Amino acid sequence: MSTSGYEMRQVLTEDGSVVEGATVPELDDETLVEMYRTMRLARHFDSRAVSLQRQGRMGTYPPLSGQEGAQVGSAMALETDDWLVPSYREHAASYIRGVKLSQTLQYWMGDERGNSVPGANIFPVAVPIATQVLHATGAAWASKLSGGENAFLCHFGDGATSEGDFHEGLNFAGVFDVPAVFFCNNNQWAISVPRERQTASKTLAQKANAYGFEGVLVDGMDPLAVYQVTDEALEKAKDPEAVGDDGPGRATRPTLIEAVQYRFGAHTTADDPSVYREKDEVERWKRKDPIPRLETFLRDRGILDSEAIGSIETAIEDEVATAIETVESIERPMPAEMFDAVYAERTKRLDEQATYLEQLRERYGDDELLE
Amino acid sequence: MSTSGYEMRQVLTEDGSVVEGATVPELDDETLVEMYRTMRLARHFDSRAVSLQRQGRMGTYPPLSGQEGAQVGSAMALETDDWLVPSYREHAASYIRGVKLSQTLQYWMGDERGNSVPGANIFPVAVPIATQVLHATGAAWASKLSGGENAFLCHFGDGATSEGDFHEGLNFAGVFDVPAVFFCNNNQWAISVPRERQTASKTLAQKANAYGFEGVLVDGMDPLAVYQVTDEALEKAKDPEAVGDDGPGRATRPTLIEAVQYRFGAHTTADDPSVYREKDEVERWKRKDPIPRLETFLRDRGILDSEAIGSIETAIEDEVATAIETVESIERPMPAEMFDAVYAERTKRLDEQATYLEQLRERYGDDELLE
Amino acid sequence: MSTQQAKTQNLTLVQAVRDGLKCEMERDDDVIVLGEDVGKNGGVFRATEGLYDEFGEDRVIDTPLAESGIVGTSIGMAAYGLRPVPEIQFSGFMYPAFDQIVSHAARLRSRSRGRFTCPMVVRAPYGGGIRAPEHHAESKEAIYVHEAGLKVVIPSTPYDTKGLLAASIRDPDPVIFLEPKLIYRAFRDEVPEESYTVELGEAATRREGDDISIFTWGAMTRPTLEAAESVAEDGIDCEVIDMRTLSPMDTDAIIDSFKKTGRAVIVHEAPKTGGLAGEITATIQENALYYQEAPINRVTGFDVPYPLYALEDYYLPENTRIEDAIRETYEA
Amino acid sequence: MSTQQAKTQNLTLVQAVRDGLKCEMERDDDVIVLGEDVGKNGGVFRATEGLYDEFGEDRVIDTPLAESGIVGTSIGMAAYGLRPVPEIQFSGFMYPAFDQIVSHAARLRSRSRGRFTCPMVVRAPYGGGIRAPEHHAESKEAIYVHEAGLKVVIPSTPYDTKGLLAASIRDPDPVIFLEPKLIYRAFRDEVPEESYTVELGEAATRREGDDISIFTWGAMTRPTLEAAESVAEDGIDCEVIDMRTLSPMDTDAIIDSFKKTGRAVIVHEAPKTGGLAGEITATIQENALYYQEAPINRVTGFDVPYPLYALEDYYLPENTRIEDAIRETYEA
Ligand SMILES: Cc1ncc(C[n+]2csc(CCOP(=O)(O)OP(=O)(O)O)c2C)c(N)n1
Ligand SMILES: Cc1ncc(C[n+]2csc(CCOP(=O)(O)OP(=O)(O)O)c2C)c(N)n1
Ligand SMILES: [Mg+2]
Ligand SMILES: [Mg+2]
């Protein structure tokens, strides 16, 4: 079970066959199909979201295509009580944790209510890079201090590893043995800055060494390998026995996973990647596309055939279409929300300001007020 | 010349004999004696400074005793054009760079003028932990960009390695190959927090691995070993040839040095270490005291005898006494300084505020104004 | 207090901090204390002394040296249901945690429309006058007050300290709790042994008067009261109001007092430009301009980086400067 | 400008930023630009477009993603003699660099009594209105203005942008240069091709008037001018003053205008409480209370975390709100 060194873990080759000597994670057919379905759903959702933005029906949106394997593989390894602490690009992982597609859309349509998912074990999207690493560490620590036995999976990008908060978060996690798994989506780019310019270390996984715990390198476009390493890491975060070789007093251990992958599209809909990267590079990475890889594997095992795939396709198109309809039928938030969400109770000044705004709206009407 | 792995570099044993297989750095007798003299001077200065504080003649002061080997060994490795970026405890290293003892006292007596040493290649003392790591990286980078061929030695403590700025500074240094040497004075304690609780990594030196450059572990109470590793690191920071095994494009390389040592006294004069650490531990470390170690070495080599040591003793006592006299005869800073040091030119508001203060002083006199 | 005969102790302000922490930790297992040197060492000012022994290392936690780490993990803890009380050793070292404070603590509720909240109290000693090294003397309450989503509290007496700290810890939102270290040990108060709260958002009138209103807080409260006594000898009758909570600010207290006196002096040790005296002035003249009889006087620190201690006494407002301003305002 | 016939270009505000950087980089080899995506990508707003090709990777540097790193290394560079112009991608991401800005950039001169200085310009787009994600819309100029040792500049026209940026880069002290991204491409100005400076610390009167003084800056200047025109139809004659430099603030301009009109409205998009409207109000009434005829009106953002874009139009002051305040102040 130990994942020593910084060799890249893989279960599926680029062609979708099983890597020699690799163990396929024990997942039942239904789960494997769900993995496939969710990746397809995410890919389709992504392209629809980008169009919504282009049509002016949504604000800036960060696409995920190319990263489905890492998101789906890692999030599916979570157990019911575990938590996800996402970055802003984790639409597929969030979906698995219970965030409806319509909610994700709602958020990117500028409505905070999309970020509030009672009952789902997921932290809200927060945009400042790497800051959520500390929240994951803190929440995991709180759970441990309160006798919890769940784990926390925190996603962030390759660029995020340069921030001070990444360092402080992993350092605290190492010192206090919090049940956290730090999952780095190394998609090779932080907007226009390539991975090599982000840091001079050969891998990002090896940075774990600085915090006294293990780093694991995995093919992030291989959903089975991602599932496997995440599952192992979650185990080590929860169960001292899984850690094995550590000394006394060291109960569970955190892990840093570097999932090597590629963002096929733009950083966000506001970005034009042709300015800073070559088409060739994109093409090369497209050969590793996680979706055909898993599809081949499932076909080879006889778990999926063209017919089944066809109905999956229809179903996900419907699901996304419904989500869009749903979100577009939600009434816009009321200005009062802005004042109500600041503190548990409005302060006097907030009350005055809310009243003032309501008076203005009455006096001038929303149209004039907002031009 | 390469210092692979994380074995502790040593030249002198605890008894002051040469470690088997170690090479003694090529230093002439005069330099060796100066090394010894400076360590003695620092030790004596330290005890006088602590008394000044106790007598109310100086504010809070951070003592250095136990750390003379690391400070003197490292600072003496600097060449004329090199720079020192110190932490707040580097009184001996600063002295070597040209800061007069009286200036160090002046600073700790609450007078910024002590921090201004025109002509000396040293940055001012700054108290916020680890922040100077970025200044060292930036200044080294500036020098490189401007075609300079000097290097920058930056001191900080074990606690400092937990701060985000440490991480960001070393990461930038690795990416841009700046001519910097990061020198961690691991004195086992960050006030009351022991080294093991600062981070779960076995050594601090290994953190260099996260930034793609070399980490070196050295006995920080062995001034010769410290001199040696610092000298090598400075070389690699300045001369691509010294780097050797790195690929093309990689010119010079930074280094992280962890100098393992101990602070014999309190964190500052405001601290009481008996609350958090055992006497035994202090005694154990006192056996490694750098001063008797180098003294034995010098006596064994016939470079120093009791007589020479006696005159060194007298001379340093005089030097410290003179420094104290000098600083106590300096007139206190004028309030106007406070307003003049904000911008190159006083703003109108500062002018008004300075005038107002002068009027108050005239009207009421300093005694009443300051009670 | 539940009874008339509540037992009291004679405590300094820093002892009241400690006592407040202790009572809240006894009351609620979710309250935990963390920070640099807060454990075995009991805090560099002894504000957490004995708590480590009493509550153990899982509730009084010595952390690595990283302020963003301390506050950021506290936010995660708070979001997950604990009530962390991180200590930052000096308020001048809150800056590395500034992003976590303003981008996260202040916004978690708003960002998640109330699903997640941040019941955290960041404690830090603040202010000058103790001959400490650089960055040990800042007073930057204004920058936290400008941040919606935070509350900002500054006590000036041991009694208030314990009660305000308890109220802050029980508050469902993040509180920046700045402790005037200059008066940590300056005097003692009778402080009830049992736990009690002093409500946030309410100023305290420390001296009633009809001629001039003086608004102040923290360590400036004492020299202000002294100055008020001193001018009283010349028949100038000052009302001294200790704001106690800077956010939300008790604007009613400000306006009511000003309507009575028509004159005001505001005293704070933070630099003048952009300090809260401006906010208070604006509040007054928005609400009570027609009562105003003289320009409002700001007695503040100067617009300079806080100087090392050889000059700090010139920087800090003290009795003479305050008195001078009172007389000027009275005569204007 | 050296000649009457100076050649001009018709530039947007963001193009003027770029042009200003280019001219200063040509003028002085010590000027270098660094930040996230400023190199090959030319900046996420294209403010550094083409500079990488023109000046090379040693003067236009793509850095790792770390704001404290960007500003902290810039401080080291500045102390060592360069004139770095770091870009922070959005002003909401300056917070991780806050410690380096206030503890070091602002204090290096003072700490070393002038031996070391920090001629650095931190550029960042600021302000709301572009339907961007969270933290892309902050306006927190007040917290930098409260920090002695910093200068704070906010241009509102392309012409000023180039000139103020040049002045900032040549200034011997650190400048926080906030660019109103809402109007990055809103309109064009004739901007001289050659380099020139607009002096720091001087406000600009954008419209002369006798009835009311309106003080504003950045993206709020345009709706303010529109509101002024609109009320002019009813015979209310506003003087609109664009502060341009917030620190040091042109208090003479404020006081002179106010003495003329006796009424004032201050417009900024930052939240009201603790915003600079308070500072300006205090300045006015300290210096010109006896000219005052009506309460000073603050038209500002609300005291809430800047909302996501579905509500941002309610947050931001605009013509109607400004007009309303002008009328109220005029009638008071
Ligand atoms: C603190 C902070 N600085 C800058 C930004 C602007 N920004 C948004 S995404 C991004 C790049 C992130 O790269 P990476 O961490 O690799 O994640 P990816 O977007 O590739 O998934 C930047 C610079 C931000 N959101 N937060
Ligand atoms: C940013 C910051 N946080 C906290 C402090 C308070 N403080 C001063 S020294 C110190 C411990 C430093 O430990 P270490 O880095 O090991 O250096 P040492 O003092 O042992 O040389 C602390 C917490 C500070 N100066 N700066
Ligand atoms: Mg990336
Ligand atoms: Mg230490």
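Since the model is a prediction, treat every value here as computed from it, not as a measurement. Numbered from 1 within each chain, the chains take letters A, B, ... in sequence-line order.
For the atom pair OG1 (C:T251) and CD (A:E352), the distance works out to 6.0 Å, reported to the nearest 0.5 Å. Taken to the nearest 0.5 Å, the OG atom of C:S112 stands 12.0 Å off from the CD1 atom of A:I122. Taken to the nearest 0.5 Å, the CE atom of C:M77 stands 5.5 Å off from the CG atom of A:L145.
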Dump the intermediate steps for side-chain contact (heavy atoms from CB on, under 4.5 Å) on C:M249 and A:T347, then the final yes or no. CA-CA 9 Å; C:M249 210 182 256; A:T347 61; over 6 Å; no
Dump the intermediate steps for side-chain contact (heavy atoms from CB on, under 4.5 Å) on C:T283 and A:R349, then the final yes or no. CA-CA 11 Å; C:T283 301; A:R349 210 167 248 210; 2.9 Å; yes
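Here the side chain of A:Y343 pairs a donor or acceptor atom with the backbone of C:L150 at under 3.5 angstrom. The main-chain N or O of A:S116 is never found under 3.5 Å from a side-chain atom of C:R115 such that the two would form a donor-acceptor pair. Using modelled atom types, no side-chain atom of A:N171 and backbone atom of C:P64 make a donor-acceptor pair closer than 3.5 Å. C:Y80 places no side-chain N or O within 3.5 Å of a backbone atom of A:G138 that could act as its donor or acceptor partner.
Of the atoms belonging to C:T63, heavy atoms from both backbone and side chain fall under 4.5 Å from chain A. With a 4.5 Å cut-off on non-hydrogen atoms, C:D62 touches chain A through its backbone but not through its side chain. Contact of C:S68 with chain A is made through backbone and side chain together, with heavy-atom distances under 4.5 Å. Only the side chain of A:E168 comes within less than 4.5 Å of a heavy atom in chain C; its backbone stays farther off. For chain A, the nearby part of C:E67 is the backbone; its heavy atoms alone come within less than 4.5 Å. Only the side chain of A:K348 comes within contact range of chain C, with heavy atoms under 4.5 Å apart. Residue A:V178: no heavy atom, backbone or side chain, is found under 4.5 Å from chain C. For a residue to count as touching a neighbouring chain, one of its non-hydrogen atoms must lie under 4.5 Å from one of that chain's; by this rule C:L200 does not touch chain A. Heavy-atom distances place both the backbone and the side chain of A:F123 under 4.5 Å from chain C.
Here the side chains of C:T73 and A:F176 are not in contact, with every heavy-atom distance at 4.5 Å or above. Two residues are said to be in side-chain contact when any heavy atoms from C-beta on lie closer than 4.5 Å; A:Q132 and C:H104 fail this criterion. When side chains are defined from C-beta on, A:T131 counts as touching C:D99, because their heavy atoms get closer than 4.5 Å. The shortest distance between side-chain heavy atoms of A:P124 and C:L108 falls below 4.5 Å. Contact annotation: the side chain of A:S146 approaches that of C:L82 to within less than 4.5 Å [non-hydrogen atoms, C-beta and beyond].
Counted within 6.0 Å of NZ on C:K260, heavy atoms from surrounding residues, nucleotides or ligands total more than 12; the atom is thus considered enclosed. Residue-environment remark: CD (A:E358) exceeds the threshold of 12 foreign heavy atoms within 6.0 Å. For A:E149, the CD atom is loosely surrounded, since the number of other residues' heavy atoms within 6.0 Å does not exceed 12.
Between C:I70 and A:F172, the closest heavy-atom pair is N-CZ, 3.7 Å. Summarising the geometry of A:H135 relative to C:G72, their closest heavy-atom pair is CD2-O, 3.4 Å, with the distance given to 0.1 Å.
Under a 4.0 Å N-O distance rule, the pair C:R113/A:E337 qualifies as a salt bridge.
Heavy-atom pairs under 4.5 Å with chain C were tallied for A:P333, A:G169, A:G148, A:S143; the largest tally goes to A:S143. Per-residue counts of heavy-atom pairs under 4.5 Å with chain A were compared for C:D173, C:V71, C:D171, C:I75; the largest is that of C:D173. Considering only heavy-atom pairs separated by less than 4.5 Å from chain C, the leading option among A:G164, A:G114, A:A173, A:P128 is A:P128.
Test C:I61, C:I32, C:D58 against A:W141 for side chain to side chain contact (heavy atoms under 4.5 Å, CB included) and you get one pass: C:I61.
Of residues 80-94 of chain A, those residues lying under 4.5 Å from chain C by any heavy-atom pair are A:W83.
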